[in-house]
Enquirer: 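One structure, pasted below without further comment.
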Amino acid sequence: MAFLNEQDAGFVRKRLAAEMVHDVRLVFFAPSTGGLALPGEDWEMAEYTRQILKELSGLSERLIMEEHSMVSEPGLAKEYGVDRAPAIAIVGAEDHGVRFYGMPGGYEFVTLLELILDVSKGRTPLSPDTLEALANLPSDVHLQVFVTPT
Amino acid sequence: MRTDIVEANEFPDLAQRYNVYAVPKTVINGTEEVVGAVPEPTFVQAVASAAAPPAAHPPDRILLP
């Protein structure tokens with residue numbers, strides 16, 4: 001089943017082609033591998049997430065999807081700072097620490113697309129004042145942005 | 001800086017821990033919160049405040065014997 005209709009896929013393909021600078025890896029962590037779900041984990045959401053990423057990465061040669069498992073690759077998950085799944089690490093020329101937890105469906109698909117484009121460019125549309133303030137922060141910052149797909 | 005986008009419905013434990021009733025809600029270093037879309041300087045202020053070392057609280061009043 002396709003998540004994007006032809007028109008939307010065309011729109012996304014165009015934006016990726018026009019705006020991407022560096023390759024971006026979508027490093028996907030599933031809760032477990034295969035059809036075996038651990039108690040309490042929502043396998044369906046993870047599977048939808050996997051399918052969305054697969055479809056999305058088919059729209060640009062610059063988008064590379066990697067599939068991993070939290071359960072069989074705990075070391076790699078730790079390396080990416082990923083502690084729950086489904087998770088997507090969005091990594092460009094550098095790892096800017098951008099992670100998406102959950103299924104990027106509905107409005108959140110656009111969020112994912114914008115994250116990919118920002119990471120690919122390696123910059124954000126923030127003002128010079130903001131960049132200066134962030135550069136002068138005395139300690140590391142962890143942002144958790146809560147969203148819903150509706 | 002680490003940025004996590006968290007789908008609130010799929011991670012109710014996190015949503016509950018940070019009292020997420022409206023989205024978008026941004027939690028900074030687990031302490032500061034920004035609800036909704038705010039002007040960029042307002043957001044930067046919240047980030048700066050979360051990153052600042054905790055201020056030494058002066059005593060509210062000095063108790064005289």
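Values in this document were obtained by computation on a predicted structure and should not be read as measured data. Chain letters run A, B, ... following the sequence lines, proteins first and then strands; every chain starts at 1. For the numbers below, each heavy atom of this structure counts, side chains included, while hydrogens, waters and symmetry mates do not.
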Enquirer: Against chain A, label B/Ala50 side chain, backbone, both or neither, depending on which of its atoms sit under 4.5 Å from a heavy atom there.
Expert: neither
Enquirer: Verify the neighbour count for atom CD of B/Gln45: are there more than 12 heavy atoms of other residues, nucleotides or ligands below 6.0 Å?
Expert: no
Enquirer: Give me the one residue out of B/Val6, B/Val20, B/Val23 that meets side chain to side chain contact (heavy atoms under 4.5 Å, CB included) with A/Thr148.
Expert: B/Val23
Enquirer: Measuring from atom CE of A/Met103 to atom CG of B/Asn9, what distance do you get when rounded to the nearest 0.5 angstrom?
Expert: 10.0 Å
Enquirer: Decide whether A/Val27 and A/Val119 are clustered together by the hydrophobic rule: side chain heavy atoms of Ile, Leu, Val, Met, Phe, Trp, Tyr closer than 4.5 Å, transitively.
Expert: no
Enquirer: Side chain, backbone, both or neither: which part of B/Val27 has a non-hydrogen atom closer than 4.5 Å to chain A?
Expert: both
Enquirer: Fit a plane to each ring of B/Tyr18 and A/Phe146, take the angle between them on a 0 to 90° scale, and name the class: parallel (under 30°), tilted (30 to 60°) or perpendicular (over 60°).
Expert: tilted
Enquirer: At a heavy-atom distance under 4.5 Å, which candidate from A/Asp129, A/Thr130, A/Leu134 has the highest pair count against chain B?
Expert: A/Thr130
Enquirer: Looking at every heavy atom in both A/Pro138 and B/Ala52, which two are closest together, and how far apart are they?
Expert: CG-CA, 4.1 Å
Enquirer: Is it the backbone or the side chain of A/Ile88 that comes under 4.5 Å from a heavy atom of chain B, or both, or neither?
Expert: neither
Enquirer: Of all the heavy-atom pairs spanning A/Leu137 and B/Ala48, show the shortest one and how long it is.
Expert: CD2-CA, 3.7 Å
Enquirer: Hey, are the side chains of B/Thr26 and A/Gln144 touching, using non-hydrogen atoms and a 4.5 Å cut-off?
Expert: no
Enquirer: Should A/Met65 and A/Ile52 be regarded as members of a common hydrophobic cluster, given that ILVMFWY residues are connected when their side-chain heavy atoms come within less than 4.5 Å of each other, either directly or indirectly?
Expert: yes
Enquirer: To the nearest 0.5 angstrom, please state how far the CZ atom of A/Arg99 sits from the OG1 atom of B/Thr3.
Expert: 9.5 Å
Enquirer: Between B/Glu40 and A/Leu126, is there a side-chain heavy-atom distance shorter than 4.5 Å?
Expert: yes
Enquirer: Same cluster or not: A/Ile116 versus A/Tyr80, using hydrophobic residues (I, L, V, M, F, W, Y) connected whenever any side-chain heavy atoms lie under 4.5 Å apart?
Expert: no
Enquirer: Looking at A/Glu19, I want to see if its CD is surrounded by more than 12 non-hydrogen atoms of other residues, nucleotides or ligands under 6.0 Å.
Expert: yes
Enquirer: Could you tell me which portion of B/Glu7 (side chain, backbone, both or neither) has an atom closer than 4.5 angstrom to a non-hydrogen atom of chain A?
Expert: both
Enquirer: Please round to the nearest 0.5 Å and tell me the distance separating atom CE of B/Met1 and atom CG of A/Asp140.
Expert: 8.0 Å
Enquirer: Is any side-chain heavy atom of A/Arg84 closer than 4.5 Å to a side-chain heavy atom of B/Asp13?
Expert: yes
Enquirer: Does one hydrophobic cluster hold both A/Phe100 and A/Leu56, with members joined at side-chain heavy-atom distances below 4.5 Å?
Expert: yes
Enquirer: Side-chain contact test, heavy atoms from C-beta onward, threshold under 4.5 Å: evaluate it for B/Asp4 versus A/Val145 and give yes or no.
Expert: no
Enquirer: Could you check if a side-chain atom of A/Val141 sits within less than 4.5 angstrom of a side-chain atom of B/Asn29, using non-hydrogen atoms only?
Expert: yes
Enquirer: Under 4.5 Å from any heavy atom of chain B, what part of A/Ala89 do you find: side chain, backbone, both or neither?
Expert: neither
Enquirer: Is there a side-chain contact between A/Leu143 and B/Val47 in this structure, where contact means two heavy atoms from C-beta onward sitting under 4.5 Å apart?
Expert: yes
Enquirer: With a 6.0 Å cut-off (strictly less than), is the heavy-atom count around CD of A/Glu67, excluding the residue itself, greater than 12?
Expert: yes
Enquirer: Heavy-atom cut-off 4.5 Å, strictly under: side chain, backbone, both or neither for A/Pro104 against chain B?
Expert: neither
Enquirer: A/Tyr101, A/Leu26: one ILVMFWY side-chain cluster at the under-4.5 Å cut-off?
Expert: no
